[in-house]
Amino acid sequence: MSSDDKNAVPTTYSEFNPLDLEHQRYMKKIRLVESARIGLTGLALLSGFTILGTSADTLAVYNATHLPGDFHLPLWPDQFDLRPTIALVIGSSIVVLAHILSLLFSKIRTLRNQTAVHSSLSLAAPFVSFTAVMISMIFFYAINASTKDDTLQSWSCQWRIATMSAKPHFGTLCDESRTALYLSVVLVPVELIIFTVAGYQSMLERKSVGVMPSRKSGSPTPSS
């Protein structure tokens, strides 16, 4: 080894930047919060599918078994209000669509890289879903509480003890109607939690930008 090599001043990395550690802490929090948000979004999506499936099935059975008054086979009353069930179908459809879009923008890299759209959709999906569920529930309870006309739930639950070998199976329709309603009730706080978590994630992402190191991490600089 030559004397020049022995006397050469070694190069070292620049002093540690505290922003590196701060940024890493924020990124770790963001990953944890996003995992929780995606998990809750999946739960809300599953609930939305269940509400949609049960509500739509009760409507399909009614349409298949309802006969005009001329047939004198009144399985269903003449004065009948389907609007509460239709409201659940529409509300759950909005929930399913909103959360599918949210999950797509969270899991597909090319979509996720559209930061502004991804962040906005993460907040918009639970807000729109919460609004849709609340409107459908209020509509359901307001009409179902009326004593003027029967609804699909009130009529099927009234006759659920009747044993039938063919459709409509009132006991099954009653259970499906109640499942859709109870899941809608549960979905309200779930959507609020998702919205809160998404807001917290958005705040962390904004703060992480503020502590992002301006230099390239690990760039060597000569020591003095």
Side-chain angles (χ1 to χ4, degrees), residues 11-57 87-137 179-180 182-221:
T11 59
T12 61
Y13 287 101
S14 58
E15 293 184 1
F16 178 74
N17 190 340
L19 291 180
D20 287 332
L21 183 59
E22 186 73 12
H23 183 67
Q24 291 174 10
R25 281 201 296 261
Y26 272 109
M27 295 307 298
K28 184 178 180 180
K29 286 182 181 180
I30 290 172
R31 287 191 292 269
L32 290 174
V33 172
E34 184 176 34
S35 297
R37 181 184 63 80
I38 291 176
L40 289 169
T41 300
L43 175 62
L45 179 60
L46 180 62
S47 299
F49 270 124
T50 305
I51 296 169
L52 178 60
T54 52
S55 300
D57 185 64
L88 289 180
V89 171
I90 295 174
S92 59
S93 298
I94 295 174
V95 170
V96 168
L97 179 60
H99 285 309
I100 285 178
L101 287 175
S102 178
L103 287 177
L104 287 176
F105 272 84
S106 295
K107 303 302 291 184
I108 299 177
R109 184 177 297 275
T110 55
L111 297 177
R112 180 181 173 80
N113 288 338
Q114 301 179 33
T115 308
V117 179
H118 172 252
S119 180
S120 299
L121 191 58
S122 297
L123 289 168
F127 177 78
V128 171
S129 299
F130 171 79
T131 304
V133 172
M134 281 298 298
I135 292 175
S136 62
M137 279 183 53
T179 298
Y182 296 158
L183 278 178
S184 297
V185 174
V186 173
L187 202 52
V188 171
V190 172
E191 297 292 355
L192 282 177
I193 294 173
I194 297 174
F195 183 76
T196 303
V197 172
Y200 182 55
Q201 178 182 343
S202 179
M203 181 192 70
L204 289 176
E205 289 174 345
R206 288 195 300 269
K207 287 186 176 181
S208 69
V209 174
V211 297
M212 185 179 297
S214 58
R215 64 173 177 80
K216 293 184 179 179
S217 179
S219 58
T221 57

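Source: prediction; values computed, not measured.
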Note: Leu121 and Pro126 closest approach over all heavy atoms is O-CD, 4.4 Å
Flag the pair Ile38 / Lys107 as yes when at least one side-chain heavy-atom distance between them is below 4.5 Å, and no otherwise.
-> yes
One should read off an interatomic distance between Leu52 CG and Ile94 CD1, to the nearest 0.5 angstrom, of 11.0 Å
(message) Counting C-beta onward and ignoring hydrogens, is there a side-chain heavy-atom pair between Val95 and Ile51 closer than 4.5 Å?
(response) no
To the nearest 0.5 Å, atom OG of Ser92 lies from atom CG of Leu187 at 9.5 Å
Interatomic distance, OG1@Thr54 vs CG@Leu88, rounded to 0.5 Å, equals 8.0 Å
Taking every heavy atom of Ala180 against every heavy atom of Ser55, the minimum-distance pair comes out as CB-OG, 3.3 Å
Here the pair of heavy atoms bringing Val133 nearest to Ser184 is CG1-O, 3.3 Å
### Query
Heavy-atom distance under 4.5 Å between the side chains of His99 and Glu191, does that happen here?
yes
Rounded to the nearest 0.5 Å, the CG atom of Leu97 sits from the CG atom of Leu45 at a distance of 10.5 Å
Less than 4.5 Å apart, any side-chain heavy atom of Leu104 and any of Ile100?
yes
inquiry  = Would you say Arg206 and Ser202 are linked by a side-chain donor-acceptor pair, where the criterion is simply a distance under 3.5 Å?
reply    = yes
Is the shortest heavy-atom distance from the side chain of Arg37 to the side chain of Ser102 under 4.5 Å?
yes
dist Met27:CE -> Glu205:CD (nearest 0.5 Å) comes out at 8.0 Å
Tightest non-hydrogen contact, residues Phe105 and His118, listed as O-CD2, 3.1 Å
With side chains defined as the heavy atoms from C-beta onward, is the minimum distance between Ser47 and Val190 less than 4.5 Å? no
To the nearest 0.5 Å, atom CD1 of Ile135 lies from atom CD1 of Ile90 at 10.5 Å
